[in-house]
Protein chains: 2
Amino acid sequence: MDRMAALPGMSAKPVTIADRICETLREAIVEGALPSGAALRQDELAARFGFSRMPIRDALRQLETEGLVTIHPTKGAFVAPMDAAEIREIYAIREVLETEALRLSCPWLTGETLQEAARLLDRIDAEPNAARWGALNAAFHSLLYSQCGNRRLLHLIDAHHAAADRYVRALLSDPDYHGRSQSEHRAMLSACERGDADGAVTVLRAHLREGSQTLAAAVQGPIER
Amino acid sequence: MDRMAALPGMSAKPVTIADRICETLREAIVEGALPSGAALRQDELAARFGFSRMPIRDALRQLETEGLVTIHPTKGAFVAPMDAAEIREIYAIREVLETEALRLSCPWLTGETLQEAARLLDRIDAEPNAARWGALNAAFHSLLYSQCGNRRLLHLIDAHHAAADRYVRALLSDPDYHGRSQSEHRAMLSACERGDADGAVTVLRAHLREGSQTLAAAVQGPIER
DNA sequence: CATCCGACTCTCGTATACGAGTATACGGAA
DNA sequence: TTCCGTATACTCGTATACGAGAGTCGGATG
């Protein structure tokens with residue numbers, strides 16, 4: 001998102017109240033403070049944030065497009081449910097989108113970009129905070145896809161990564177997951193460094209499938225939040 | 001999205017003013033009545049439709065998520081530009097999404113569904129109206145993907161088909177396109193009837209690539225609307 | 001005792017109103 | 001003549017207000 005912000009001189013976008021509320025709500029949902037299925041009453045949120053319902057409405061609509069809430073006219077907005085089926089759907093989509101992006105991008109990755117990716121992996125290793133971990137994870141993946149030449153595809157991938165991130169947060173408890181994920185990341189990166197696009201895609205595919213299974217299994221029974 | 005709508009008895013969703021305005025604006029944009037880059041002033045639209053700005057705002061936000069308009073805070077909404085690059089991006093995404101959906105769905109397609117698909121093709125042949133043609137086209141594709149078991153994927157495909165439809169409308173002039181498209185449709189359907197998923201996917205891939213090239217070539221020079 | 005009907009409440013959709021930021025046009029100065 | 005500053009007009013974001021529809025609880029009736 002916000003690729004324009006990369007261009008240094010321009011943009012200077014005005015940030016609206018709705019944007020800030022949207023960000024706050026997103027973090028609350030992803031982090032689990034707002035549990036699955038919770039009703040998001042416009043009045044209540046307006047009172048809590050100290051603004052009118054209008055910016056709240058805008059924020060909720062934005063979150064709906066991100067798949068974090070569902071809105072039904074006359075019934076209101078609710079935190080989208082988390083279930084194993086949803087995870088499998090999101091990951092199946094991520095698999096086709098991201099493998100394609102990596103395949104396209106791999107031949108155009110420069111040494112500099114790959115070095116930056118390696119640095120990101122190190123930062124991920126050192127990062128204890130879950131929110132930042134998710135962001136760094138997304139940044140690493142995005143970097144490898146960045147040269148795919150399809151902005152719209154990158155945007156789609158970002159959106160689905162964010163949707164999946166909500167589930168990943170629920171996995172903090174599993175210490176193995178982090179380690180396995182990182183070793184797969186490194187395998188993917190080294191394939192890219194060799195210029196082995198097919199190999200990188202294979203690793204990525206396995207990486208996503210394992211993530212899907214791990215998350216689906218974790219959500220299946222224990223966590224009801 | 002719209003998981004509830006699948007359950008037959010219920011839904012009966014209340015249709016809001018914003019929904020109707022959204023539909024009207026979408027048709028106007030797709031059809032070309034609102035040219036690329038046109039400013040969509042909120043009060044002007046409010047006056048034209050006879051409602052306040054609030055439903056118009058909601059409709060514009062919805063159209064933004066569909067990629068038909070771009071919104072900049074404090075600057076307003078504009079009809080999204082049409083260009084060849086955008087076409088290639090959309091079609092590249094459609095290719096990975098739709099081939100995956102078809103691959104998953106093909107083994108589960110019943111004779112009844114295939115017959116309905118065949119009937120749709122006949123209706124397409126007989127349909128002169130461009131708007132209906134696009135809808136029937138989408139319906140045919142969706143039907144073949146319907147058994148993929150991934151609602152989210154189907155929704156994504158719908159969205160991108162709608163985004164592409166806007167460009168397809170610009171191709172009314174080319175009488176060949178319709179015929180070629182239909183013969184490819186029939187080849188795809190017959191592969192599905194044989195249970196040849198790989199064959200169907202191959203045809204679909206070629207179908208989409210040809211569509212992409214035809215549209216990109218058409219938009220390249222002549223049409224500036 | 002069960003069921004059906006009606007009034008009440010709660011929430012959302014929509015309308016109207018106000019303030020702030022930006023673009024534009026006009027006038028003055030270099 | 002050209003450039004810049006100021007003032008004006010325009011548009012959007014946000015606040016407040018009102019009406020309608022759905023859900024709910026209680027009472028009355030069969």
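Within every chain, numbering begins at 1; the chains are lettered A, B, ... in the order of the sequence lines, protein sequences first and strands thereafter. Owing to the predicted nature of the structure, the values given are computational and were not obtained by experimental measurement.
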Asker: Do H207(A) and H185(A) make a side-chain contact, defined as non-hydrogen atoms from C-beta onward lying under 4.5 Å apart?
Answerer: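 When only atoms from C-beta onward are counted, H185(A) and H207(A) do touch, with a gap below 4.5 Å.
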Asker: What integer distance in Å separates Q62(A):CD from dG13(D):C1'?
Answerer: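 Checked: the CD to C1' distance equals 16 Å.
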Asker: What's the NE2-P distance between H72(B) and dT11(D), to the nearest Å?
Answerer: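 It works out to 16 Å between those atoms.
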Asker: Do the side chains of R123(B) and E127(B) get close enough for a salt bridge, i.e. N-O under 4.0 angstrom?
Answerer: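 No.
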Asker: With sequence neighbours excluded, tell me which residues meet salt bridge (charged side-chain N to carboxylate O under 4.0 Å, His left out) with E23(B).
Answerer: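 Here no residue qualifies.
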Asker: Passes salt bridge (charged side-chain N to carboxylate O under 4.0 Å, His left out), R166(A) versus E31(A)? Steps please.
Answerer: CA-CA 7 Å; R166(A) 170 158 176 244; E31(A) 175 202 321; over 6 Å; no
Asker: Is NZ or CZ of R88(A) both nearer than 6.0 Å to the six-membered ring centre of Y91(A) and within 45° of the ring axis?
Answerer: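 No; the conditions do not both hold, so R88(A) does not lie above the ring face of Y91(A).
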Asker: Output the rounded distance in Å from CZ (F78(A)) to P (dT11(C)).
Answerer: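 Checked: the CZ to P distance equals 11 Å.
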Asker: Under 4.0 Å between a side-chain nitrogen and a carboxylate oxygen: does that hold for E66(B) and R26(B)?
Answerer: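 Looking at E66(B) and R26(B), the cut-off is met.
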Asker: What does the list of N/O pairs under 3.5 Å between the protein and nucleotides 19-24 of chain D look like, with a distance for each?
Answerer:
none

Asker: Below the 4.0 Å mark, does dC10(C) have OP1 or OP2 next to a side-chain nitrogen or oxygen of Q42(A)?
Answerer: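 So the side chain of Q42(A) is outside the cut-off, no N or O lying under 4.0 Å from OP1 or OP2 of dC10(C).
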Asker: In whole angstrom, what separates D43(A)'s CG from dC18(D)'s P?
Answerer: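 From D43(A) CG to dC18(D) P: 15 Å.
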Asker: Output yes when at least one side-chain N/O atom of R41(A) is less than 4.0 Å from OP1 or OP2 of dC12(C), else no.
Answerer: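 For dC12(C), OP1/OP2 do have a side-chain N/O of R41(A) under 4.0 Å.
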Asker: Does S52(B) reach the side chain of Q42(B), with side-chain heavy atoms less than 4.5 Å apart?
Answerer: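 Not touching, per the 4.5 Å side-chain cut-off.
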Asker: Determine whether I157(A) and S142(A) make a side-chain contact, defined as any pair of heavy atoms from C-beta on separated by less than 4.5 Å.
Answerer: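 Contact flag for I157(A)/S142(A) side chains = no.
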Asker: Take the protein atom CD of E64(A) and the nucleotide atom P of dC12(C), then report the distance between them rounded to whole Å.
Answerer: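 The answer, rounded to whole Å, is 14 Å.
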Asker: Check nucleotides 14-17 of chain C against the protein and report each pair of N or O atoms closer than 3.5 Å, with its distance, or say if there are none.
Answerer:
{"from": "dT14(C)", "atom 1": "OP1", "to": "T16(B)", "atom 2": "OG1", "distance (Å)": "3.1"}
{"from": "dT14(C)", "atom 1": "OP1", "to": "I17(B)", "atom 2": "N", "distance (Å)": "2.6"}
{"from": "dT14(C)", "atom 1": "OP2", "to": "T16(B)", "atom 2": "OG1", "distance (Å)": "3.2"}
{"from": "dA15(C)", "atom 1": "OP2", "to": "S52(B)", "atom 2": "N", "distance (Å)": "2.8"}
{"from": "dA15(C)", "atom 1": "OP2", "to": "S52(B)", "atom 2": "OG", "distance (Å)": "2.6"}

